[in-house]
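The structure appears below as structure tokens.
Below, chain A is the first sequence line, B the second, and so on; all start at residue 1.
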Amino acid sequence: MRMSALALVFAVVAALSAGLAAATPVVANTFGFFVYHPTWCCPKTDNRDVYWNGSTLTSNMITAADYGMANLDYQTDLRIGGYDDTAGTHTDLVMFDARYVDYWGKDWDGSSTGVNITGATKCVRVLAQIGGEYTCDRAELRFDLADMNTTTIRRKTACHEIGHAIGLGHTNLTSCMKQGSSTTQTYSSHDRSHVNGAW
Amino acid sequence: MTVKKRLPLVLTLVAAVATGTFAGAFLNSPQPSFWAQLRYGASVSDGEYLFDSVADIVPGAPDSGAFKAAGALVQGAVVDIEPGIAYASDDGESGSRVVAYDSEEAAMRYASLVVRVDKVLAGRLGQGYADGRIRIRVEQPATTTLAELKESVGSAGTGLMFVHNLAERQQLLGRPVTDPAQLAYARSVHTPIGEGLFVEESAGSPVVAPLMDGQRAAQLLGYTFVSEDDEAEPSPTPACDDLDPCYTPTGKPSATATSVPVGGAEPASTTPPSLTALRSTLVAAACAEGTAADSSSC
């Protein structure tokens, strides 16, 4: 089969352009981090198979973390690659809990910031991809045991911080990604469309 | 000439066009502003708000027991940014290990904004206020470098800043800094209080609150936050029962849904106030607390 070189060039360029258009958000949104269309939060996870570790979590919190990861697997196209007994180089999410006071220089009880922190997520290994999009190779999730009093709040917070770790930002919708004392422990259809659109 | 023979030429052309497309995308994109770079990509902390109004941060505002007002309210301009302090990651709860700012071990970095203080509007500045300048600690996101931030510092504009010297604040909270290295740092910097940095990036432009979540800024400044996520969604399904009780608040006081924004009872705008309008509101609040630096402005 033969094809003119010019036609081939146009076909490849068109495919590349289509790919670029799909990869570039039209407006800022609450998923992922693209340097020229930044959102409040967060670099998306760098691969579809998510490996995690929570080997030092307290028993109640690891149950909630298990729930959160299973929910992520159930609700989205991301797949739980597995649980790593120890955090290795390919571990994507590492979870910790403690009664934090000023860990990482943060004001966990809110006496300065005005936010009593229940959980925090930080991408500690950021990857810059071509086209200005950042992804996250390793995120750390921390839960303040002083606030993890019930199953509901543990699950909600696990769902929320895992959401940040994979790239979701806050929302007004009925979702665990809502800020404050919401009790929802699952992602909204809007959250899912963000995640599944990327994977 | 066959396709096979033309392949190198084709690949060269494709590479050139693709490279040009990517380069064009970058060249045509505006450089993110200083605050955009600083705000986005930082860590995310979640929890409950402990105050309802900017009046609660103003120096002299009553102590709620869970939250203490700022030591000072200043008007000033960000003129530089410097390395501050960095922490490593580990599993300890007693505190994270301090590491060199440029260490590969650093998981969390706080840079210091160098702020030229144009006026202390309320309260007083603490240690570290010298030559008309203070340093304010802010998290440096992993998605930007100090060099990039320095390059864009000209777009930082001027702002109203609620601050407290870090060492004095920790002392006030009953958690004095004792480690000598951290004490030297804490004495040299002011920390933002209530995430209260309100900035005008250019003269007359609406105020931005780069340390706050967008909805929180809207609540405090009295305007309606508009997001593309504000679309209809099915009503919530109850997520709690006897086996899985609903969340009950901790003993710490929290902000209520019926907050009192600075905008008063007027219908909320979708635009933040100007810096001038916000300054008037905050100075009036400081006057009410008796902490305004210039009593003639009350």
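Taking both residues in full, the closest heavy atoms of B:Ser43 and A:Lys122 are given as CB-CD, 3.6 Å, listed atom of the first, atom of the second, then distance. Across every non-hydrogen atom of A:Cys123 and B:Ala142, the tightest pair is O-CB, 4.4 Å. Of all heavy-atom pairs spanning A:Trp104 and B:Tyr110, the tightest one is O-OH, 2.6 Å.
When the ring pair (Phe, Tyr, Trp, His ring centres under 6.0 Å) test is applied to B:Phe67, the partners found at least two apart in sequence or on another chain are B:Phe51.
Contact annotation for B:Arg97: neither backbone nor side-chain heavy atoms come within less than 4.5 Å of a heavy atom of chain A. Both the backbone and the side chain of A:Lys106 come within contact range of chain B, with heavy atoms under 4.5 Å apart. Residue B:Ala88 touches chain A through its backbone alone, counting heavy-atom pairs closer than 4.5 Å.
In this structure, OG in B:Ser45 is found 11.5 Å from CZ in A:Arg142, a value given to the nearest 0.5 Å.
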Exercise. Where do B:Asp90 and A:Tyr103 land on the side chain to side chain contact (heavy atoms under 4.5 Å, CB included) test, with the steps shown first?
Worked result: CA-CA 10 Å; B:Asp90 53 47; A:Tyr103 194 87; 3.2 Å; yes
For this session: Start with the C-alpha distance between B:Gln215 and A:Asn172, add both sets of side-chain angles, then the distance that settles side-chain hydrogen bond (donor to acceptor under 3.5 Å, both in side chains), and finish with yes or no.
Result: CA-CA 9 Å; B:Gln215 291 176 49; A:Asn172 272 333; 3.1 Å; yes
Exercise. Step by step, would you call B:Arg216 with A:His170 a side chain to side chain contact (heavy atoms under 4.5 Å, CB included)?
Worked result: CA-CA 11 Å; B:Arg216 173 62 167 171; A:His170 291 148; over 6 Å; no
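Residue with the most contacts toward chain B among A:Asp107, A:Val115, A:Val124: A:Val115 (heavy-atom pairs, distance under 4.5 Å). Between chain A and the options B:Arg169, B:Gln182, B:Glu195, heavy-atom pairs under 4.5 Å are most frequent for B:Arg169.
Formation of a donor-acceptor pair under 3.5 Å by the A:Thr118 side chain with backbone atoms of B:Asp46 is found in this model. For the pair B:Arg175 (side chain) and A:Asp102 (backbone), a donor-acceptor distance under 3.5 Å is absent.
Within the 4.5 Å cutoff, side-chain heavy atoms of B:Ser89 are placed close to those of A:Glu140.
Shown are B:Ile193, B:Leu50, B:Leu173; of these, the side chain to side chain contact (heavy atoms under 4.5 Å, CB included) with A:Ser111 is made only by B:Leu173.
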Ignoring hydrogens and angles, write down the donor-acceptor pairs under 3.5 Å from the side chains of residues 60-74 of chain A, residues two or more places apart or on other chains.
from	atom 1	to	atom 2	distance (Å)
A:Thr63	OG1	A:Ser59	O	3.0
A:Tyr67	OH	A:Gln185	O	2.5
A:Asn71	ND2	A:Gln75	OE1	3.1
A:Asp73	OD1	A:Ile80	N	3.1

